[in-house]
Amino acid sequence: MTATIDPDLQLRLYRSMRSIRSFEEKVAELFYAGRLPGFVHLYVGQEAVATGVCANLRDDDVITSTHRGHGHLIAKGARLDRMMAELYGGIDGYCHGKGGSMHIADFSVGIYGANGIVGGGLPIAVGAGLAARVHRSDRVAVAFFGDGASNEGTFGESLNLASIWKLPVIFVCENNGFTQFTPTEQLTAGIIAERAKGYDVPGVVVEADDVITVHEAARQAVARARSGAGPTLIEARQWRFRAHNEGEEAFIGGEWKYRTKEALEAAMQRDPIENLRLQIDDPDGVARIDRAVAEAIEAAVAFGEKSPLPPPEAALDDLYA
Amino acid sequence: MTATIDPDLQLRLYRSMRSIRSFEEKVAELFYAGRLPGFVHLYVGQEAVATGVCANLRDDDVITSTHRGHGHLIAKGARLDRMMAELYGGIDGYCHGKGGSMHIADFSVGIYGANGIVGGGLPIAVGAGLAARVHRSDRVAVAFFGDGASNEGTFGESLNLASIWKLPVIFVCENNGFTQFTPTEQLTAGIIAERAKGYDVPGVVVEADDVITVHEAARQAVARARSGAGPTLIEARQWRFRAHNEGEEAFIGGEWKYRTKEALEAAMQRDPIENLRLQIDDPDGVARIDRAVAEAIEAAVAFGEKSPLPPPEAALDDLYA
Amino acid sequence: MAVITITEAMRDAIGEELERDPNVIVYGEDVELSVYGAQNGLVERFGRERIWNAPLSEATFVGAGLGAAMSGVRPVIDLMIGTFTYVAMDQLYNQAAKLRYMSGGQAKMPVVVMCVCGARGSAAAQHSDSPYPLFMSASGIKVVLPSTPADAKGLLKASIRDDNPVLFFEPLSLLGEKGEVPDEEFIVPLGRADIKRRGDTVTIVGVGATVKMALEAATTLAAEGIEAEVVDVRTLRPLDENAILESVRKTGRLVVADEARQPGLAAEVSAIAAERAFDTLRAPVARVFTPNVPVPFSPPLEGAVLPSAEKVAAAARRVVNGAT
Amino acid sequence: MAVITITEAMRDAIGEELERDPNVIVYGEDVELSVYGAQNGLVERFGRERIWNAPLSEATFVGAGLGAAMSGVRPVIDLMIGTFTYVAMDQLYNQAAKLRYMSGGQAKMPVVVMCVCGARGSAAAQHSDSPYPLFMSASGIKVVLPSTPADAKGLLKASIRDDNPVLFFEPLSLLGEKGEVPDEEFIVPLGRADIKRRGDTVTIVGVGATVKMALEAATTLAAEGIEAEVVDVRTLRPLDENAILESVRKTGRLVVADEARQPGLAAEVSAIAAERAFDTLRAPVARVFTPNVPVPFSPPLEGAVLPSAEKVAAAARRVVNGAT
Ligand SMILES: Cc1ncc(C[n+]2csc(CCOP(=O)(O)OP(=O)(O)O)c2C)c(N)n1
Ligand SMILES: Cc1ncc(C[n+]2csc(CCOP(=O)(O)OP(=O)(O)O)c2C)c(N)n1
Ligand SMILES: [Mg+2]
Ligand SMILES: [Mg+2]
């Protein structure tokens, strides 16, 4: 399959995944150094999903994200420096410090926000799809959500609404093997992708250690949506490599309480970034990207570090338009 | 098929359906005579569903019902007189006048109530199923709900929860062709019964003009549930013969706004009571039931008519146990 | 001026805004036939690309309203009955009310969610609440409840043009009330109370159904020499605290009449007065509200729990004449 | 007496009740590992037939709690975080609170729904609310929020034994606070406030986190000659109005401190005082509460909106010394 892949696309996908991974490794470091307030949920391991999907999107397409949102934002084109400043709670952050990791948004590139409520983003994406229909535009909307979210009521409701109204929505369920601290199969009956059929929506499973596979599935779903044929559900399977939230050990005493080290190590063999790097026939290109990303992360941290915290009176701003 | 049907069962089913139909025809009459406060949603035409299902249940099995609940209650064994008194708002009603048509309950025979919120009863039935598991009892719980409810979030959530916890719950979706004033197919994507598969739950469609068919499908589902094998979804198809709610014309100006007279007349050919009557080889038995039911309805009305309305101060009772 | 009902006034408001702005759309359960009438005839005029019947999935279609609004559409969502807000609660209280603030002011959400509220005609517990108190503490949302046809029209037009989520409650018991509505186009700005009657003995603050009760009570009281000033808050959030305080400071006496269970508008207005008009208060503040039970079905029980003009008048006498 | 945290006290309460009554079961998202700790170690002791990890479907698993409770089980449901009540709102506000009443007293629903509430550590808007005001107007439900380990234990045991739905809030910012807890078995009855400090200059009413602030403020104020009486309401519904009124009538001055947005406990207590203790009130009532914005993320913003001991002390000085 590699033979037919466009090298530019490969590099583009590599850059996106590399940015996400490096950004988050830095976030973890800063979190444990006590530099970041609040909660961070990292996306490490799942980069191929956001990347493969968002590579098919335009700036005027919309995504809704989750508590585990950094990857979706970066893949959709958010700036690392303003993201980082937000994580610091600084006024130069995307939300001027009002949102934090679970609520970062960049409306200028169609990112309607991370969302702290599991299942909360699906209806919002459906609404963006509705707007596209009302405006007779070929914009599409993507809802990213987890396996856990597929058990929330908004999941079935959203599939149904998007299906009967034939809305250009792509539902991307990231089955990362866990719903917080419980293995997915203990909580989630059947096969998530198959739930789509009952709503007359195509459902596909993709193994998300391979970004090209994800990209292709998303390409078809996006094309279908743009053509007016309605929604698609993609179940992308790939374990998360890190904790549910950084610092989860303070809550539950450590990750080996809910998965074994061996199983995790086996899963980490399926690293989408390594997989892609091995397929790319351009070591210089890769090295250039690695350097550029490293520099961008440095710059983002510097930007975040020097962004002032907001003054207390700012707490009352930004409520109403 | 008729040849193998137990004549006693036939008469039992006939009596139940006849009671529901006659009770509700009387309710309609009283409603239009201005004797009944509030809203009534009648079940006329759908009698085979409640009847076929509840004939498989014991008094200690539980059901949850809907805004269109009279049929479920009667089939499960509620008393006509106390039901009627409740519709009048009298103190001898099941709820002492606090509930009315949309909230009648009889806990002594496992009826956890009609419910005014579409989709509201499914979780409650799941909980009754959970209790059966906790108590290691072979009791089962049935959730009755409409096609409209199958688009509410609690539908998917309840199927999932009952499936992973293998709870003895039978989900009975009554697809009566309409969600209030809109044809079902305009609002409901795909086939409702097929939605079960995505939750690893068996889903079956039955044509509910034939009570024997419903009875058999329910028998299997109940047996499965009692044996510990988990839930089943039954989609029972049968148009409702009357208005969404009696008096709907005051709201929307009449039923021909959303369905044609011809289509309704065709649907009414599929009358489950007539169907069964024609199969029963015992005209005396049928006549006896008809008379007994007519007398019971008379008595119920008399009971309701003479039940006093509650005193104002009763409004503050029954809040806490 | 035309004399029309509140329902007709709302229908006119929606129709005018649909005409005026192609981004306005209307959806909800059975809006084509329109259960309570405010969307009556719209599908015939504007077609199914503007008027959509929605499936029963309140959480999702309210949430979709936010997404559509953030994308430049101005959805007017009919939620039919106020108690259905509970099913959509997260999308209202935790999303609509917060997305703009959390995004640092990026989100713009011109969405109206409308529904009837209050009890009438034995609809019983699950259909009879007045849920607006719950939304008074929901931050970035506006909450409206008119009491006259003119206000209904002007406030609904203002709500549709507002760039924030607006929860627009329709007072069920007043839907058929008729009143004069200006012929020319007009707007009633959100956030401003209206003095529906002038008086200087006692202030009666009401909203929706209780405004009418307050006015009836005022007529009775006037015959007894008590001149009540009736303040219709109209918008519960933002609340026009100054108008309320000004009246209370003038009369020195306060009754708050509210069909909702408490804490709600009555508690809030009472607290504001106890904090900021204390020195001018000459008598205890009285509240008239529905006691904390579900609204019962049977007519005598329903009547027992709901506020009425008599109960409002009695409360006013109490604060004017002292406890009896 | 053992000195333990609120979390440990709750864990002991649940453990004891699991021991005592085979009908008690515990479920919720990740209760096996227990995110906030109150269910820690229970699965090891009681096994998976008593302790169940639930899928993310709050509306349904709360509703299932009602169905199980009506069938003789006594579920203790962990909803984890208070804001998740919104997702389950219909089952709480419209079902749990009403089913008994609507059925004319037939339903018996011994179910506890527990969750943390309040803001701490920049969890940001969607995880930081104190949603109890919303449930004060929910009829047939009880609402509890302890402020000490002993109360947490005694109130939680009483909640589990209560035959009504109880919404048990855990004060997030106090979970790690230690305090003495009696060694012998005990219950703290629902519906009774507790005077946490005696004083006669001013009454400070608080709940959960603000009780600690009020006590700290009282210490500061004592040095200034102001003796504050601190009333911990403990149960928001039913509310112990008499205990509050008795204190206010004694001191003649009232501050209500509440981490929630308003209207809520602060508005309700203020309104009760303005209605029933008016003649003894010697100064305006002061409320300390979170202003009506979502709780912001960045630490200085979060600090700006939340109540604090300093804000409570300042309010007390204001009502004692007059406006400044
Ligand atoms: C409605 C709701 N319930 C519970 C939570 C707490 N919570 C946050 S993330 C999470 C697990 C979500 O699992 P999944 O959807 O699989 O996403 P993942 O964390 O695996 O990316 C839970 C339970 C929440 N934020 N919102
Ligand atoms: C959550 C909720 N939304 C809307 C309604 C108003 N309503 C009552 S019955 C009904 C239609 C229900 O359709 P279906 O589930 O098919 O049941 P049917 O009336 O056909 O028996 C609607 C919209 C309600 N009671 N609850
Ligand atoms: Mg997951
Ligand atoms: Mg139907």
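Letters A, B, ... are given to chains in the order of the sequence lines, protein chains preceding strands, and every chain is numbered from 1.
- Of the residues considered (B:T184, B:L319, B:T188, B:L187), B:L187 shows the highest number of contacts with chain C, using heavy-atom pairs under 4.5 Å.
- Of the two parts of C:F84, only the side chain, counted from C-beta on, holds a non-hydrogen atom closer than 4.5 Å to a non-hydrogen atom of chain B.
- A donor-acceptor contact shorter than 3.5 Å links the side chain of C:S298 to the backbone of B:G89.
- Your options are C:I81, C:D30, C:V87, C:T83, and the one with the most heavy-atom pairs under 4.5 Å with chain B is C:D30.
- At a 4.5 Å heavy-atom cutoff, C:E302 makes no contact with chain B through either its backbone or its side chain.
- Heavy-atom distances place both the backbone and the side chain of B:N115 under 4.5 Å from chain C.
- The CZ atom of C:F297 sits 6.5 Å away from the CG atom of B:L87 when rounded to the nearest 0.5 Å.
- In this structure, C:R120 places its CZ atom where only 12 or fewer heavy-atom neighbours from other residues, nucleotides or ligands lie under 6.0 Å away.
- Looking only at heavy-atom pairs under 4.5 Å with chain C, the residue among B:V118, B:D318, B:I117, B:I91 that has the most is B:I117.
- Heavy-atom distances place both the backbone and the side chain of C:V35 under 4.5 Å from chain B.
- Closest of all the heavy-atom pairs between C:P300 and B:L309 is CG-CB, 3.8 Å.
- Contact of B:L316 with chain C is made through backbone and side chain together, with heavy-atom distances under 4.5 Å.
- In this structure, CD in B:Q186 is found 5.0 Å from CZ in C:R48, a value given to the nearest 0.5 Å.
- Nearest heavy atoms, C:V305 versus B:A315: CG1-CB, 3.6 Å.
- The shortest non-hydrogen separation linking C:L301 to B:G97 is CD1-O, 4.1 Å.
- In this structure, no portion of B:L36 lies under 4.5 Å from any heavy atom of chain C.
- Top candidate by heavy-atom pairs under 4.5 Å with chain C, chosen from B:C95, B:G148, B:G99, is B:G99.
- In this structure a side-chain-to-backbone donor-acceptor pair under 3.5 Å is missing from B:N151 to C:P55.
- From B:Q180, atom CD reaches atom CG of C:L33 across 9.5 Å, with rounding to the nearest 0.5 Å.
- Atom CD in C:E32 sits 12.5 Å away from atom CZ in B:F181 (nearest 0.5 Å).
- Separating the CG atom in C:N40 from the CD1 atom in B:I252 is a distance of 10.0 Å, to the nearest 0.5 Å.
- A heavy-atom distance below 4.5 Å is found between the side chains of B:H103 and C:Q126.
- For B:R259, the CZ atom counts as densely surrounded, since its 6.0 Å shell holds more than 12 non-hydrogen atoms of other residues, nucleotides or ligands.
- Looking at C:A59, neither its backbone nor its side chain comes within 4.5 Å of chain B, counting heavy atoms on both sides.
- Of the N and O atoms on the side chains of C:N53 and B:T182, at least one donor lies less than 3.5 Å from an acceptor on the other residue.
- Under the 4.5 Å side-chain criterion, counting only non-hydrogen atoms from C-beta, C:H127 is not in contact with B:H67.
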